[in-house]
Amino acid sequence: MELDKHYNPQEVEDKWYSFWNENGYFDSVPDQREPFTIVIPPPNVTGVLHMGHMLNNTIQDILIRKARMEGKNACWVPGTDHASIATEAKVVKMLAEKGIAKKDISRDEFLSYAWEWKEKYGGIILSQLHKLGASCDWKRTRFTMEDSLSEAVIQVFVKMYKDGLIYRGTKMVNWDPDGKTTLSDEEVIHKENNAQLFYVTYPFSDETIKSTGTSEPGLTIATTRPETVMGDVAICVHPDDTRYQNLIGKTVIVPIVNREVPIIADTYIDIEFGTGCLKVTPAHDENDYNIGEKHKLEAIDVLTDDGKIHERAGAYVGMDRFACRKQIVKDLDTQGLLLKTEQIKNTLGHSERTNAVIEKKISTQWFVNMQEFMKLHPEVLSSVMDGEIKFHPAKFKNVYKHWLDNIKDWNISRQLWWGHRIPAWYSKEGEMVVAETEEQALTEFKKLNSNIELKDLSQDNDVLDTWFSSWLWPISVFDGFKEGEKKDFEYYYPTNDLVTGPDIIFFWVARMIMAGYAFKGKKPFSNVYFTGIVRDKQRRKMSKQLGNSPDLFELLEKYGADGTRMGMLLSSPAGNDILYDEAQVEQGRNFCNKIWNAYRLISGWETVADDTLSEEVKASNQLASDWFSSRFQVSCNGIHESFQDYKISEALMATYKLIWDDFCSLYLEMIKPSYGDPISSKAAGEAKMHFENVLKLLHPFMPFITEELFHAIHNGTPEKPILVSEYPKAKDNVHVMNDNALGLVSEIRTIRNGKGMSPKLELEVIVKTEQTASYQTWEGIIKKLANISSISYNTDKPEKCISQLHGTDEFFIPFEEAIDVEAEKKKNEEEIAYLRGFLKSVEAKLNNEKFVANAKPEVIEKERQKKADAEEKIKKLIGG
RNA sequence: GGGAGCUUAGCUCAGCUGGUUCAGAGCAUCUGCCUUACAAGCAGAGGGUCACUGGUUCGAACCCAGUAGCUCCCACCA
């Protein structure tokens, strides 16, 4: 059957994926083999696949497939995250489109809509991974809100509460007015912002004017947030500020609301900033809050949960915070209290999810006491610092350390419904009990009050931060928190590698390490591979708004999964951003095609018994095969080394070059018989073996084409599929073959190109060398690759010829036509001049006593060799 | 404001503990080829004062200091 000149991925990908999956090759159960485990960073349950996922999961698949081929019990656990805030937002939006407002329905009704939504759209993203070739153990698919994982979350919460690591407290927290929930510090993104700084005058009270006799109209403060004026409870100056000494303890009138507030002093104030006077609004700013605490000031929260002006503000009620800012500035101006406006740069916190500007707000929430936690589990830091857990690249260790050194309490309660509900119950009297179930809570309450009943209890309305479940992922996917037998957990945990983005190093990576040590006394993984962010050629992040993200399914369709995988990997060293370029995917596709055609060549050979061929051909073929074996092993060792360092794109590049250059361009060309001629079955057999080996090296990167061709070279019935075949091993003491003669081939080809000779023109060559044997062995190959009719040694230089150095050997190609004698001479002279210069510098070095005295012996020896080589070359060029 | 890192061919990046036959790779570019595996290809070639300035050293892309530019992380200056 005639094979198409082009590899057609569509025809093979689905076939092999189902074959692998249906035959259970992705599945893992504990056995006596060494486990190799990866847990997927669970994507949002209602998410869709994007470039970041593609890259991330390709890398995981490469690691898993390699481990599987190395005979390990490879287990890649897939799953999804309930993504509390993101999913809830989507459901709210969906309901709004149906005309249903969240506030009009009950919690239970909302949740049933949410689950419905999850069932409908959830997990699409996982099925999209099939297309990519991801070899996950789908039977192990987990979801962070499924029963057993939820139980783990509750169990951990209760335990931490009992251990005093979780507390309920009233503090200043981050409030997202769009999501209408609090956020942890990590979920707040600080962005630089162009702000207006308003100088507003607060008139002195009559009392102040009387007692100080001032003629000033009042005290001017500078603020970027005039809409919080109604929450002002004091003006603060620096105690050493000479300008305001006599005013400390006096009062001013807050504009708009006409509240009389004191002028206080605190060293927090920066005398240089603005006017040196700060309006104190304890309900809306962390520093103000601290000052308020210190000076026992009231906190007046003037905002509602959705960022509008609250009734208690007493003015502008119901107006949006930003609209109010504009209006109040106008009004202050009208009243003559706005002195001036300056443009300044500051930073503003934004919600990671909704991008809303964050409000600081005093609120009663649940927290994890991180200081205390870290005191109990110092391994969280030390394991990473001393390499028990390795980060790739290691530079992220610094980031990690810095964060842990400055860690603050973790706000874990969210004012949402989609998530793990906080297991705390309150009685009507306001007593609280934390317990795993309602029944247990009741039992506890009964100890306080025997008459209390279930209906008297109400559960906390909040749910937990999504990351409070994600941090348990490597444990909970193996049911590590369940009672009873923990065979899976004990076998698979700690996992081996984690592949994720540096953007969630705090959210997730750090917290998994915390959970691992705190709840199991063991690290969750040994290696963390941080991928880069996928950007476009102009270094812009991929985003929906920019529309610079390619259609992934079109891409997979057009170039195939293998081509796409390769394209993404080629330019993505760990920790570097990858600049996505379709040209690279094209390169991947072309590579598939190259391999495909290598197969076409090999499979088309007509074979004959070995002894029907000439000795020269047999010897050449044997040499070619041995040479490739040696090249293969050298590359294979390099690839193993790259993998060890998690330089995966380097490993791929080495595989690429081995196949394209060494296998196709050299080895196959060496043994390829002339058109119509047969090849010995021995040579063909060895070629197949080599082909099989390079396919194995490539399989983790390009699973589909390698499986297809692996089957093809075994006539469809290999002993076992390539995905479970043995990955070529690194070996010590590799014999590196002297292939100096191949250099001669290149030189001759260059001459051909330079002289415009046709590749069809047969040439003769005369080599002047003392190492005749090193060329003689390769004669057959040289003749074939360089189209040479005869090679002779150490005969005189012909009258008309092209001469050239190859290393220290000289060779001549007799050539009658059109030799530019002058040009040849000039070239020769230039070469001599260069060598003399080179020789001079080497000699200078060798004559330098300090060099000879200080340099290592092998370095000196190297220099001496250089000197000898240069001298010999010069001699040949002159004498030639 | 604090910290980390980066600056090597047109582009994206390698260059381990300093030794100029180590300045390298892939892509891109250029030249010549439709040579029955592959034009999604073959054979070649040209590109870099290794950001800048000093220093250490017999010797620096590599070590040190400073300068400039870029990136990221953290941070409560209104």
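Each chain gets a letter, A, B and so on, in the order its sequence line appears, and its residues count up from 1.
Look at A/Lys594 and you'll find a side-chain N or O under 4.0 angstrom from OP1 or OP2 of B/C42. Contact between the side-chain N/O atoms of A/Tyr400 and the OP1/OP2 oxygens of B/C72 is not found at any separation under 4.0 Å. Phosphate proximity of B/C42 to A/Trp660: present, with a side-chain N or O under 4.0 Å from OP1 or OP2. Checking the phosphate oxygens (OP1, OP2) of B/G15, a side-chain nitrogen or oxygen of A/Lys647 falls inside 4.0 Å. Between A/Asn590 and B/G41 there is a side-chain polar atom (N or O) within less than 4.0 angstrom of OP1 or OP2. Look at A/Ser758 and you won't find any side-chain N or O under 4.0 angstrom from OP1 or OP2 of B/G32.
A salt bridge links A/Asp405 to A/Lys401: one of the charged nitrogens lies within less than 4.0 Å of a carboxylate oxygen.
Comparing B/G19, B/A43, B/C42 by their closest approach to the side chain of A/Arg749 singles out B/A43. Relative to the side chain of A/Phe851, the nucleotides B/C58, B/A40, B/C27 differ in distance, and B/C58 lies closest.
If you check distances only, the side chain of A/Asn848 never reaches the base of B/C58 with a donor-acceptor pair under 3.5 Å. Contact annotation: side chain of A/Glu669 to base of B/A37, donor-acceptor pair present below 3.5 Å.
Look at CZ on A/Arg589: it is 14 Å from P on B/C27, rounded to the nearest Å. The interatomic distance linking A/Lys845 (NZ) with B/G19 (P) rounds to 10 Å, in whole Å. The nearest whole Å value for the distance from the CD atom in A/Gln584 to the P atom in B/C27 is 11 Å. To the nearest angstrom, C1' of B/A25 lies 11 Å from CG of A/Leu570.
Judged by distance alone, with hydrogens and angles left aside, the side-chain atoms of A/Asp288 form no donor-acceptor pair with the main-chain N or O of A/Pro282 at under 3.5 Å.
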